[in-house]
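Quick note: numbers below take in every heavy atom, side chains included, and nothing from hydrogens, waters or symmetry partners. On a predicted model such as this, the values are computed, not experimentally measured, just so you know.
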Amino acid sequence: RQDCAIGNFLQDISAEPFYDSTIFLFVSDHTQLGNSKGTIEPHNFLVPYLIYSPLISSQSISTTGSQVDVTPTLLHLLGEDYT
């Protein structure tokens, strides 16, 4: 069975006046895969990160990132400077 929560949410608010000019960010908490025995390897942690906006074309990025990338990514989409 598919999880339709995000799709249902977007459909429910699609008639709102702010919808067409909003960037929606969906970021989950992190999880660790397998038994890492105390090591912190990026490939052991998968954090789903979905950006949706009617103004942004669809693309998939497979580069490894982390939660610290959320803010710079959003600022980039807004055309703002960041360091």
- Quickly, which of Leu50, Ile6, Ile13 forms a side-chain contact (heavy atoms from CB on, under 4.5 Å) with Phe24? Name it, please. Ile13
- Check which hydrophobic residues are tied to Tyr82 through side-chain heavy-atom contacts below 4.5 Å, counting indirect links as well, and list them. Leu75
- Task: Check whether Leu55 and Phe18 end up in the same hydrophobic cluster, where Ile, Leu, Val, Met, Phe, Trp and Tyr are linked by side-chain heavy atoms less than 4.5 Å apart.
- Result: no
- Query: Taking only residues two or more places apart in sequence, or in another chain, which ones meet Ile51 in a side chain to side chain contact (heavy atoms under 4.5 Å, CB included)?
  - Reply: Ile23, Leu25, Tyr49, Ile56, Thr73, Leu77
- Query: Under 4.5 Å between side-chain heavy atoms, hopping through other hydrophobics if needed: is there a path connecting Leu78 to Val70?
  - Reply: yes
- Message: Tell me which pairs pass side-chain hydrogen bond (donor to acceptor under 3.5 Å, both in side chains) where either residue lies in residues 12-22, with sequence neighbours left out.
- Response: Tyr19-Tyr52
- Message: Can you list everything that forms a ring pair (Phe, Tyr, Trp, His ring centres under 6.0 Å) with Phe26? Sequence neighbours excluded, please.
- Response: none
